[in-house]
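First comes the structure, then the notes that go with it.
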Amino acid sequence: MEKEIQMEKTYNPEFEQRIYNFWMKNKCFEAHVNPDKEPFTIMMPPPNITGQLHMGHALDQTVQDILTRFKRMSGYEALWLPGTDHASIATEVKIVEKMKNEEGVTKMDVGRDGFMERAWAWKEQYGGRIVEQLKRLGSSCDWSREAFTMDQNCSNAVLDAFVKYYNKGLIYRGDRIINWCPHCKTALSDAEVEYNEQQSNLWYYRYPVVGEDDYITIATTRPETMLGDTAVAVNPKDEKMAKYIGKMVKLPLTDREIPVVGDDYCEIGFGTGAVKITPAHDPNDFELGLRHNLPVIRVIDDGGLMNENAGAYQGMDRLTCRKAVVADLEKLGLLEKIEPYAHNVGECYRCGETVEAVVSKQWFVKMKDLAAPAIKAVKSKKIEFVPKRFEKIYFNWMENIKDWCISRQLWWGHRIPAYYCDQCGETVVAKSMPEVCPKCGGTHFHQDEDVLDTWFSSALWPFSTLGYPRKTKSLGYFYPTSVLVTGYDIIFFWVARMIFSGLEFMCDVPFSEVLIHGIVRDSQGRKMSKSLGNGIDPLLIIDKYGADALRFSLATGIAPGSDTRYTDAKTESARNFINKLWNASRFVIMNIGKDDDLTFPSKLNGADKWILARLNDVIKEVTINLNKYEIGLAAARLYDFTWTEYCDWYIEMSKPLLYSKDKKEHNHAVAMLTYTLTEILKLLHPFIPYITEEIYSKYAEKGSILMKSDWPSYNKRFAFRKEEKNFEGLRELIVAIRNTRAEMGVAPSKRLNAYVKATDKKFMEKSAQYLEKLAGIGSVTFVEDKSEITERWTAIVTNIAEVMIPMGDLIDFEKERERITKEIAQAEAEIKKAKGLLSNQGFVAKAPQKLIDNEKEKLLRAEDRLQKLQDKLQELA
RNA sequence: GGACGCUUAGCUCAGUUGGUUAGAGCACCUGCCUUACAAGCAGGGGGUCACUGGUUCGAGUCCAGUAGUGUCCACCA
């Protein structure tokens, strides 16, 4: 090794940016259509590129990046499709407001007006740090490049999809009750409405029956809508109320008379037995209105104010009107009573304004025919959710789905490609403005003012990003994609819609697996939100601890689908682990001599065989777990192996050889340490890419671990079961000696002399050096029989050996007796349990043989140990 | 109202088809600046796995019920 290696004593993540640039320069993240490799396509939810990365995104990114790197190293052509589309960017109000203010734009078709380009150009100014943040997190995706190309494709796909849906009769325009946000002045889909409990009242008041001295009492939570009532409904089977059917009642505060209709919708025995019907402002009432041919009278306008149909109340805000209506009813003596009432009120998920149900002309996607194949795809396991329980949520939604309202009255978004003939009003749906009206021959058209729901374009993401509607090579190669990674909060918005869109336009599922992870909460378990102000900027964490530390802390201890809390303590622990890896690597690298040959040694010693056997198991388990998307388990296993087995034991055990004056021995140790370290670095690379890359580049001739390395594989040659077992015994012995020393209060610097009686003498002779190095033993004398020892002694008993320590070296006899008595109790308990199991006929008859043998062996060992301990106690007495 | 989770050490959480003495991090106690690492090393204490019952040779793990808690969906005026 020629290069001068310098490593700081403490890990410092400042090299991260340099490593990132190296990856970009060498195009490490590019995926190509490659017939020799199997594609593995990963999708991610759309982060808002002009906004800030939050912990949820950081988790998304980390999970996906781990999978991408793992798959790349495993020989796949791994591509990930980042969902940065106009949909997400359009939600960034700052950008669109800038356009409004500085350019005077009032209508923006984001697919065609260069919206994306300008948004990207402005992202720096407007705090849009997301790309910077994603880069710093180590995201293996060229964001700036992807976003531009995808923007183009996305627009084409949207037009194509809309026209195809329409031609198949799957899109229609019509009057329906929709959720309306008076603040945003737009329609909302059902999924965009959040319900929260509010304290309100239930108002009871009377509708006088026309021509009779009678009245019907109704109850409502929204008195102001009575101005739009067009009927009162009672149940025809209700004996008390049925008599009113066909009669008219006077609608107070108006000059209208409205009919009483009979309908099952009104539940017998519930409330007053009669329901006011307001078809324009309640979905159930609207349906009922259709059944009874009732007129639809809107009384609330788009801004939440009472309109001209509200008579004297016109112009009032709907809540002011509510008070006025109640007061006026009271004046007329029609108000019966007011009861406090808690009920759920729909709120706009974006602005929080109370949502009004209003009837309006909107565009819809007919869901019934689209949902059926989408349900089938999951039932038939063409798509699988991980964890599986989320399939139920999906089915529940899909099976009860209503038509999807896709028009929005926002002024930015994809404009609906519907054109109306100025002459005859004919509707033409086409990718571009038609020249001639097919009905009247007119040549002037105007385009529908509405734009599409942002999720309409997002639903096309799996193929629009790959070039659809063109039949590109990428589309053929990468579609269907392999796995979608997202949080459970987005199943309805996005996942479900991608599934039916993919089936409709590509005739195939968009992905075969949906990996659902939880959301990141704050340290108190609260959802991170802007209004609470408890969100944590990942960039601050990265500044403090480094990106690898953040990634590792997000990846450790998470179970698929479960929420996780963010605490600095976790990140600190991850950082400490990285520091440990750094120092272990530093130690190994520092010891690589100029002429050392790092090729794998042809002859292995016991410790080598032990670590290789352990490493082998780790490789197997980590690979299996990553393939199962058990990222948390994989990370935890690597943490444990690296720290405990490699650092605490193997490195320590290799020191005698490493410091040996025999050059060959030193070289052997260095080669083995390096080999194991390299395997560890490869396994850890997906989790902590920066530091592994940095360390690797310090000693490996060819630089990049990401580019040059294959994922480690299980090697049968290294399944050294016997050595593994011996060394586990040795570790046990060393721990027992240390334990005794600590309990006896032996100073750490004090070397003890020891007599050793071994079960496997050959092995113990070779291992004496480890007792010296790791257990503070000064000199080891082997004995065949305890009688050979002339001093008084006490013993440390384990399965592979008894170690006799001369009493002169120990301090407290009484304590030693206590310790031995405790151990005897332990051994006795073990014997009792094993005997119990083995005398249990059921166990012996039904348990697997391996387990029975295990138990027998355990019993023998424990009995042997007990005997030795009892002897020892005798000695001490 | 419907569905789905969760309850394991003081705190935050792992625990993959049932099978050694139920694990980790943080916190705590004791002793160490041992020539990679004090962001460290060695040792230690701490758990009736919410409760009750069942299946089984064997249950933290499977089944049923109870209690507490959380999320999603629907929403009856």
Side-chain angles (χ1 to χ4, degrees), chain A residues 7 9-11 190-191 195 202 218-222 233 265-267 270-278 282-285 343-344 346 387 389-390 392-393 395-397 400 488-489 491-492 518-519 523 525 527 545 553 556-559 561-567 569-570 572-591 621 624-625 628 630 632-633 635-636 639-640 647-648 651-652 655 659 735 738-743 745-749 773-776 826 829-830 833-834 837 840-848 850-851 854-855 857-858:
Chain A
M7 288 173 83
K9 196 168 175 180
T10 301
Y11 153 76
D190 292 339
Y195 289 88
L202 199 54
I218 57 97
T220 182
T221 53
R222 298 195 303 159
Y265 164 65
C266 184
E267 228 174 281
F270 190 90
T272 64
V275 190
K276 66 190 272 301
I277 301 299
T278 324
D282 184 282
N284 290 315
D285 293 5
H343 69 136
N344 287 327
R389 65 171 187 271
F390 290 103
K392 283 198 177 177
I393 295 177
F395 288 136
N396 185 41
W397 194 72
N400 298 299
Y488 56 72
D489 51 341
I491 292 177
F492 309 124
I519 58 175
S523 57
K527 203 168 174 172
Y545 299 106
S553 77
T556 324
I558 55 161
S562 306
D563 289 352
T564 173
R565 293 186 193 202
Y566 177 82
T567 58
K570 257 185 224 171
E572 212 173 304
S573 151
R575 191 270 318 264
N576 291 355
F577 170 66
I578 290 164
N579 188 47
K580 185 74 182 175
L581 177 67
W582 177 261
N583 273 297
S585 308
R586 182 167 149 257
F587 172 74
V588 172
I589 292 167
M590 275 182 348
N591 278 294
E621 282 173 42
I624 287 173
N625 279 324
K628 286 197 298 193
E630 286 281 4
L633 291 181
Y639 178 97
D640 192 52
C647 294
D648 290 348
I651 287 185
E652 292 307 322
K655 278 179 182 172
Y659 297 143
V735 169
R738 285 170 174 173
N739 185 344
T740 310
R741 293 180 61 117
E743 275 181 30
V746 179
S749 53
K773 170 78 191 149
L774 301 174
Q826 269 176 12
E830 221 170 285
K833 198 187 167 193
L837 265 177
N840 182 331
Q841 286 310 308
F843 178 78
V844 180
K846 290 184 185 174
K850 201 177 149 197
L851 216 67
N854 226 334
E855 213 57 38
E857 197 188 324
K858 218 165 75 183

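Every chain is numbered from 1, with letters handed out A, B, ... down the list of sequences. For clarity, every value in this text was computed on a predicted model and none was experimentally measured. Worth knowing before you read on, the calculation uses all heavy atoms, side chains too, and leaves out hydrogens, waters and symmetry mates.
- Between A/I519 and A/K527, some side-chain heavy-atom pair lies under the 4.5 Å cut-off.
- Checking B/A39, B/A77, B/U71 against every side-chain atom of A/Y488, the shortest atom distance belongs to B/U71.
- For A/A559, taking side-chain heavy atoms from C-beta onward, the closest of the listed nucleotides B/A77, B/A14, B/G31 is B/A14.
- Rounded to whole Å, the P atom of B/G47 lies 15 Å from the corresponding atom of B/U8.
- Here A/K9 lies in heavy-atom contact (under 4.0 Å) with sugar-phosphate atoms only.
- In the interface, the side chain of A/K858 is not paired with the base of B/U20 through any donor and acceptor atom under 3.5 Å apart.
- Across all strands, A/L851 comes closer than 4.0 Å to base atoms (heavy-atom distances).
- Proximity of A/L851 to A/F843: side-chain heavy atoms (C-beta onward) are separated by under 4.5 Å at one or more points.
- Following rounding to the nearest Å, A/N576 (CG) and B/C37 (C1') show an atom-to-atom distance of 11 Å.
- Mapping A/W397 and A/K773 onto RNA chain B by nearest heavy atom places A/K773 at the nucleotide closer to the 5' end.
- A gap of 33 Å separates the C1' atoms of B/G45 and B/U35, to the nearest Å.
- Residue A/R389 has no polar side-chain atom (N or O) positioned under 4.0 Å from OP1 or OP2 of B/G5.
- The shortest distance between the side-chain N/O atoms of A/K527 and the OP1/OP2 oxygens of B/G70 is not below 4.0 Å.
- Per the geometry, CG belonging to A/N583 stands 19 Å off P belonging to B/C33, to the nearest Å.
- When the P atom is compared between B/G60 and B/U7, the two are found 14 Å apart, to the nearest whole Å.
- Pair assignment for B/G18 gives none, since no Watson-Crick or G-U wobble pairing has each distance under 3.5 Å.
- Within 4.0 Å of A/S562, counting heavy atoms only, lie sugar-phosphate atoms of the nucleic acid but no base atom.
- The shortest side-chain heavy-atom distance between A/L774 and A/R738 falls under the 4.5 Å cut-off.
- Using a 4.0 Å heavy-atom distance criterion, A/S585 is classed as making no nucleic acid contact.
- For the OP1/OP2 pair of B/C4 and a distance below 4.0 Å, the side-chain nitrogens and oxygens of A/N396 include no atom meeting the criterion.
- Note on A/N854: nothing from the nucleic acid sits closer than 4.0 angstrom, heavy atoms only.
- Pairing partner, B/C33: none, since no Watson-Crick or wobble contact has both distances short of 3.5 Å.
- Computed from coordinates, the A/E630 CD to B/U17 C1' distance equals 13 Å when rounded to whole Å.
- The aromatic rings of A/Y488 and A/F390 lie parallel to each other, with less than 30° between the two planes, well short of the 60° mark.
- Checking B/C37, B/A36, B/U21 against every side-chain atom of A/N579, the shortest atom distance belongs to B/C37.
- Atom CG of A/D282 is separated from atom P of B/C75 by 10 Å (rounded to the nearest Å).
- Side chain of A/F587, nearest nucleotide from B/A77, B/A36, B/U16: B/A36.
- Contact between the side-chain N/O atoms of A/K392 and the OP1/OP2 oxygens of B/C4 is found at a separation under 4.0 Å.
- Taking the ring axis of A/Y639 as reference, the NZ or CZ atom of A/K580 does not stay both within 45° of it and closer than 6.0 Å to the ring centre.
- Taking atom P in both B/C37 and B/C51, the straight-line distance is 47 Å, to the nearest Å.
- A/D640 comes within 4.0 angstrom of nothing in the nucleic acid, heavy atoms only.
- You'll find the side chain of A/W582 stays beyond 4.5 Å of the side chain of A/T10, heavy atoms only.
- Nucleotide B/A39: unpaired (no Watson-Crick or G-U wobble partner with both distances less than 3.5 Å).
- Using a 4.0 Å heavy-atom distance criterion, A/A584 is classed as a base contact.
- Considering only side-chain atoms of A/C647, the nucleotide from B/A77, B/A36, B/A39 that sits closest is B/A36.
- Pairing partner, B/G47: none, since no Watson-Crick or wobble contact has both distances short of 3.5 Å.
- The two atoms that bring A/A219 and A/L202 nearest to each other are CB-CG, 4.2 Å, heavy atoms only.
- Backbone-only contact: A/D648 has heavy atoms under 4.0 Å from sugar-phosphate atoms and none from a base.
- Position along RNA chain B of the nearest nucleotide to A/G273 versus A/A191 favours A/A191 as the more 5'-ward residue.
- Interatomic distance, A/K655 NZ to A/F587 CZ, rounded to the nearest 0.5 Å: 4.5 Å.
- Contact annotation for A/V844: no contact, since no heavy-atom pair falls under 4.0 Å across all strands.
- As judged by a 4.0 angstrom heavy-atom cut-off over every strand, A/E621 is placed among residues making no nucleic acid contact.
- Side-chain N/O atoms of A/E652 and base N/O atoms of B/A36 include a donor-acceptor pair closer than 3.5 Å.
- Within the shown strands, nothing qualifies as a pairing partner of B/U55 under the Watson-Crick or G-U definition with both distances less than 3.5 Å.
- Between A/N284 and B/C76 there is a side-chain N or O to OP1 or OP2 distance below 4.0 Å.
- A distance of about 12 Å separates the C1' atoms of B/C13 and B/C6, rounded to the whole Å.
- The base of B/C75 sits within donor-acceptor range of the side chain of A/N344, with an N or O pair under 3.5 Å.
- One can place CZ of A/R741 at 11 Å from C1' of B/U34, the figure rounded to the nearest angstrom.
- Within the 4.0 angstrom heavy-atom criterion, only backbone atoms of the sugar-phosphate kind lie near A/N739; the bases stay farther away.
- Atom C1' of B/A59 sits at a distance of 10 Å from the matching atom of B/G19, rounded to the whole Å.
- Across all strands shown, A/R738 has heavy atoms under 4.0 Å from sugar-phosphate atoms exclusively, and none from any base.
- Base-pair partner of B/A9: not found among the strands shown (Watson-Crick or G-U wobble, both distances under 3.5 Å).
- To the nearest whole angstrom, the two P atoms, one in B/G5 and one in B/C63, are 10 Å apart.
- When heavy atoms are screened at a 4.0 angstrom cut-off, A/T567 is found touching no nucleic acid atom at all.
- As judged by a 4.0 angstrom heavy-atom cut-off over every strand, A/F492 is placed among residues touching the sugar-phosphate backbone only.
- The gap from the P atom of B/G70 to that of B/C26 amounts to 30 Å, rounded to the nearest Å.
- A salt bridge links A/K858 and A/E855; the closest N-O separation between the charged side-chain nitrogens and carboxylate oxygens is under 4.0 Å.
- Proximity of A/Y195 to the phosphate of B/G1: no side-chain N or O atom is located under 4.0 Å from OP1 or OP2.
- Closest approach of A/M7 to A/R586, counting heavy atoms only: O-NE, 3.6 Å.
- Rounded to an integer number of Å, the gap from CD of A/E855 to C1' of B/G58 is 11 Å.
- One can place OH of A/Y566 at 17 Å from P of B/U12, the figure rounded to the nearest angstrom.
- Counting to the nearest Å, the P atom of B/C4 and the CD1 atom of A/I491 are 14 Å from each other.
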